Amino acid sequence: MKRLLLMLMIGCGLTLGIIADAEAQSAAKEVLRIPKAPLFRDPIHDGAADPMVIYNEQEKAWYMFYTNRRANVSTQGTNWCYGTSIGVAVSTDNGKNWEYAGALDLEFERGKNTFWAPHVVYDKGVYHLFVTYIRGIHESWSGIGKIAHYTSKNLWDWKLCGLIPLANNDALLDATVYKKPDGKWGMWYKNSRIGYTVEAVSDDLYHWKNVPGITIGDVPHEAPFVFYYKQYYWMLIDQWNGFGVYRSADAEKWEKQSVILGKKGERKDDNVRASHPGVVVAGDKAYVFYFTHPGWEKEGGWGDETGKLDEAGVLPYIYRRSSIQVAELKVNGAGVMTCDRDTPFDFYLPNASN
């Protein structure tokens, strides 16, 4: 009898162990957050581009700011890339799902103007927005871009501080801002007259002074993005065949490493090269957000429009629409940054800023 009871107890223990193991595996699957693809598409114009992701300290949610290109507007030339607002998507489930929340009201001059490439930093309880501003709408890649500076306490209500006087009559684009080891703020941006990334510095985020020379000038590019990860400062640039990767120990001298995300991926809408990076470092993880033009699959990405315009001379919607994607950045044992967009990974944005 005792032996029978012992066998029953052992059997029950094994059963409970199997159940517990199954429950643990199920819980692990719930914790594992492999990002959907695409991560986000804009429901108004379907032209989400230039993503920038930041944590909203007041709302305890993650905000994605992006250039809202007017992809579904049938118009000639590049008009659909101008007259753009900064769209906002919000995630309350740690980045798993994103819902469109509206567009920022940034207009400060008459008429309809253009806002591109938002970048936001948080300092001493204040959010600082640096965004490319161009007057009006243009049928070709023209207009003088300036870097506009705004401040906010909640990421919605923005006060214009002014246009930063960095270079007169030069088109300035795609500012990224990050604090350097010496405590000063660095701003890296594209000077279109030169065609490369240059730098400005500030003690307070309000007053800026240009640094002489060219910061990154080995290849034409746009959209520099600077961040700190794994004991180094990193800069990603969009060199139009993927992202150039640069590493620095002091945010002063930059060393070119490689090019990532130049080849097409296998996920939905991830079938072309990546464009315009934005990075979030979350603990020991680093995620790169970017956009794609999936309609350009045969050309590998944005390309020559010859033979693609319709009878009215308009580029069809299939080529204009864009999607936001995310991938994981890794640093190998040799200190080289890599990125495999096709490998599943844990994607989780914690409820706290880094």
Side-chain angles (χ1 to χ4, degrees), residues 28-40 50-55 62 64 91 94-96 98 119 176 178-179 181 188 197 216 218-219 221 223-251 253-292 300-301 323-354:
K29 289 181 180 179
E30 291 177 1
V31 172
L32 183 65
R33 288 171 170 83
I34 300 174
K36 64 181 181 181
L39 187 66
F40 177 75
D50 312 336
M52 162 72 202
V53 176
I54 190 169
Y55 187 66
W62 285 89
M64 179 192 297
S91 175
N94 308 103
K96 184 178 181 180
W98 296 84
H119 187 91
T176 179
Y178 202 85
K179 183 169 281 189
W188 295 265
T197 289
I216 304 294
D218 60 314
V219 60
H221 64 275
F225 193 96
V226 173
F227 60 102
Y228 185 81
Y229 183 59
K230 299 289 185 181
Q231 301 181 347
Y232 284 99
Y233 293 88
W234 302 86
M235 182 188 300
L236 304 184
I237 63 168
D238 184 350
Q239 58 182 57
W240 307 313
N241 65 349
F243 297 155
V245 180
Y246 298 77
R247 193 182 73 174
S248 174
D250 56 9
K253 298 178 181 179
W254 298 90
E255 176 188 7
K256 182 71 169 284
Q257 282 198 328
S258 61
V259 178
I260 60 174
L261 294 171
K263 297 180 180 180
K264 72 175 185 177
E266 300 299 326
R267 300 182 301 179
K268 180 177 174 55
D269 279 9
D270 209 17
N271 55 337
V272 294
R273 64 173 173 84
S275 295
H276 202 110
V279 177
V280 170
V281 176
D284 64 348
K285 298 280 190 176
Y287 305 111
V288 58
F289 298 81
Y290 55 92
F291 79 93
T292 63
S323 297
I324 304 296
Q325 305 279 9
V326 65
E328 183 179 10
L329 297 173
K330 292 187 176 182
V331 177
N332 64 24
V336 176
M337 181 165 285
T338 63
C339 185
D340 182 355
R341 62 168 73 177
D342 293 326
T343 299
F345 60 95
D346 295 352
F347 178 56
Y348 184 84
L349 298 177
N351 291 328
S353 57
N354 199 36

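All values reported here derive from a predicted model rather than from experimental measurement.
Listed here is the closest heavy atom pair of Val219 and Lys256: CG1-NZ, 4.2 Å. Here the closest heavy-atom approach between residue Asp238 and residue Pro277 is recorded as CB-CD, 4.3 Å. Residues Ala327 and Phe345 come closest through the heavy atom pair CA-CZ, 3.6 Å. What you find for Trp62 and Ile54 is that their closest heavy atoms are CE3-C, 3.5 Å. The minimum heavy-atom distance between Pro35 and Phe347, with the atom names listed, is CD-CB, 3.6 Å. Across every non-hydrogen atom of Ile260 and Cys339, the tightest pair is CD1-CB, 4.0 Å.
Within a 6.0 Å sphere centred on NZ of Lys36, other residues, nucleotides and ligands contribute more than 12 heavy atoms.
When Leu39, Asp270, Val279, Ile324 are each tested for a side chain to side chain contact (heavy atoms under 4.5 Å, CB included) with Tyr290, only one passes: Asp270.
In this structure, Tyr178 has its ring center at least 6.0 angstrom away from the ring center of Tyr228.
When the ring-ring contact (aromatic ring centres under 6.0 Å, His included) test is applied to Phe40, the partners found at least two apart in sequence or on another chain are Tyr66. Listed by chain and residue number, nothing satisfies the ring-ring contact (aromatic ring centres under 6.0 Å, His included) test with Tyr232 (two or more places apart in sequence, or in another chain). In this structure His276 satisfies the ring-ring contact (aromatic ring centres under 6.0 Å, His included) test with no other residue, sequence neighbours excluded.
By the 4.5 Å heavy-atom criterion applied to side chains, Met337 and Arg247 are not counted as neighbours. For the pair Arg267/Gln325, a side-chain contact is recorded, criterion being any heavy-atom separation below 4.5 Å from C-beta on. Put simply, the side chain of Pro38 reaches to within 4.5 Å of the side chain of Lys268, judged on heavy atoms. Taking the side chain as every heavy atom from C-beta outward, Val53 and Val326 never approach each other to under 4.5 Å. Counting only heavy atoms from C-beta outward, the side chains of Phe291 and Asp50 approach each other to under 4.5 Å. Leu349 has its side chain within reach of Tyr287: a pair of non-hydrogen atoms, C-beta onward, lies under 4.5 Å apart.
Under the 30°/60° scheme for interplanar angles, the aromatic rings of Phe227 and Phe225 are found to be tilted.
When atom types are taken as modelled, the side chain of Ser248 and the backbone of Lys253 share a donor-acceptor pair closer than 3.5 angstrom.
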>> Applying side chain to side chain contact (heavy atoms under 4.5 Å, CB included) to Phe243 and Val288, what does each step give before you reach the verdict?
In response: CA-CA 11 Å; Phe243 297 155; Val288 58; 4.1 Å; yes
>> Determine whether Asp218 and Tyr246 satisfy the following criterion, side chain to side chain contact (heavy atoms under 4.5 Å, CB included), listing intermediate values before the conclusion.
In response: CA-CA 11 Å; Asp218 60 314; Tyr246 298 77; 2.6 Å; yes
